[in-house]
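Some notes on the structure that comes next.
Sequence lines set the chain letters: A, B, ... in the order given, protein chains first and strands last, and positions in each chain run from 1. These values consider heavy atoms only, across backbone and side chains, with no hydrogens, waters or symmetry-generated copies. Computed from a prediction, not measured in an experiment: that's the story for all the values here.
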Amino acid sequence: MDDKREQQGIVLTEAQKRSRRHRSIAIALALGVLVVLFFAVTIVKGPAVLNRPM
Amino acid sequence: MSVVDHNAIELAAPRISEADVGDYIALLKPRVMSLVIFTALVGLAIAPGHFHPVLAITSLLCISVGAGASGALNMALEGDIDALMSRTANRPIPRGRITRAEAMAFGTTLSFFSVMTLGILVNWYAGALLAFTIFFYVVIYTMGLKRRTAQNIVIGGAAGSLPPVVAWVAATGSISVEPLLLFLIIFFWTPPHFWALALFRSDDYARAGVPMLPVVAGPDATRLQILLYTIVLVAIAASPWPLGYFDAIYGVTSLILGAGMLVLAVNVYVSRERSQSLRATRKLFAFSILYLFALFATLLLEVVVRAVAPSIGLWTGLWTGLGAG
C-alpha cells in the first residue's frame with residue numbers, strides 16, 4: 001500500500017487541480033494578449049517598428 | 001540491510017498552491033491600479049499631437065501592469081505588517097493563499113514584462129521612467145522609507161504621482177510642464193489623503209510599528225499638516241488655469257472642489273472630540289478620492305470639448321448661414 005502511494009507521487013486535491021487549471025488559463029490568456037499586442041503594434045508601425053527613440 | 005537508511009531524512013511535504021486567479025489579482029491592488037489607469041489616461045489625453053489608439057492602449061496596459069507589479073512586490077515585502085493590521089489582514093499573503101516568494105516572483109515577472117513591452121513597442125524613455133517608478137515605489141518607499149520615517153508617504157507619493165508623466169512621455173517622447181503639473185497635484189494630494197486614513201487607522205499602524213505621522217507626532221500635529229498640505233494642494237491644483245495651461249472649465253472646477261477639500265480639512269483640524277474627529281477624517285478621506293477623480297475627469301472633459309468645439313462651430317456657422325440666406 002505504501003509502495004503504491006510512493007509510486008503515485010503527490011496526488012493533488014480537487015481544489016488544487018481546479019486552482020492550477022484557472023492559473024494556467026490566466027497565463028495562457030496573458031500570453032495571448034501579449035502576442036496580439038506585439039502583432040497589432042507591428043501592423044500599426046509597419047517597418048518603423050524597429051525605429052525607436054534611444 | 002542497505003548502507004543508506006532511507007528513513008533517516010524526512011523531507012517536508014512540498015507546498016501545493018491553492019491560490020486562485022482572484023488572489024493574484026488582489027496582489028495587483030486593483031483599486032490603486034484603477035486610479036493609476038485613470039490618471040495615466042488623462043496624461044495621454046492632454047498630450048499634444050496624434051498618438052495611435054493601439055499605442056495608447058499598449059501604454060495604458062503597460063503602465064497599469066507596472067503599477068500592479070509594484071503592488072505585488074510591496075505586498076511581498078510587507079507580508080509581516082499586513083498580518084498585523086485589520087485593513088490589510090485579508091490580503092492574499094497574510095491569509096496564506098500566496099507565499100512571499102510567489103508574490104515576489106509574480107511582481108518581478110510583471111515588472112520586467114511591463115517595462116520591456118513599453119520600451120520595445122512605444123519608446124524607451126517611457127519604459128525607463130516606468131522602471132524608475134517601480135523602483136521608487138518598491139525600493140525607496142517600501143524598503144527604505146515606510147518603516148523608518150513619518151515622511152514615508154510624502155516622499156513615497158512621488159511614485160504614485162508619476163503615471164500621468166509616464167503616459168505623456170509615452171505619447172510624446174519628451175517631457176513638458178503640463179505632466180509635471182499633474183505630478184505636483186497628485187504629489188500634494190497624497191499626504192492629506194493618507195494622513196486622513198492614518199488618523200482613523202492609527203491603532204493599526206501603531207500595532208504594526210509603522211511610523212505614520214499620527215503614531216509618531218500625534219493626531220493634532222497630523223491635523224495641522226493635513227490642513228497645510230491641503231492649502232498648498234488647492235493652490236497648485238488651481239495654478240494651471242491662470243498660468244494658461246488648462247482652460248476655465250478646469251480652473252473653476254478646481255476652485256469649487258478645492259473649496260470642498262479646504263472646508264473638510266478645516267473640519268478635521270477643529271474636530272478634536274473622538275467621534276467627531278473620526279467622522280471628519282472619514283469624510284475628508286472619501287472626498288479626497290472624489291476630488292482627484294473629478295479634477296482629472298475635468299481635464300478629460302476639456303480635451304473632449306476642445307476636440308468637439310470646431311465641429312460645433314462648423315454646425316453653428318452653417319445654421320447661421322442658412323438663417324441669413
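- The side-chain heavy atoms of B:D20 and A:R18, taken from C-beta on, include no pair separated by under 4.5 Å.
- In this structure, A:V41 and B:H52 have side chains that are not in contact, with every pair of non-hydrogen atoms separated by 4.5 Å or more.
- We find the CD1-OG1 distance between B:I16 and A:T13 to be 8.5 Å, quoted to the nearest 0.5 Å.
- Residue contact with chain B, scored on non-hydrogen atoms closer than 4.5 Å, is absent for A:I25.
- B:L55 touches chain A through its side chain: at least one heavy atom from C-beta onward sits under 4.5 Å away, while N, CA, C and O do not.
- Side-chain contact between A:L37 and B:V54 is absent, with no heavy-atom pair separated by less than 4.5 Å.
- Among B:T58, B:I57, B:V65, B:D23, the residue making the largest number of heavy-atom pairs under 4.5 Å with chain A is B:T58.
- For A:L34, the part lying under 4.5 angstrom from a heavy atom of chain B is the side chain only.
- Across every non-hydrogen atom of B:A19 and A:R23, the tightest pair is O-NH1, 2.7 Å.
- Taking CZ of B:F113 as the start and CG of A:L31 as the end, the distance is 7.5 Å to the nearest 0.5 Å.
- Using a 4.5 Å heavy-atom cutoff, the side chains of B:S17 and A:R20 are not in contact.
- One finds the CZ atom of B:R15 at 9.5 Å from the CD atom of A:Q16 (value rounded to the nearest 0.5 Å).
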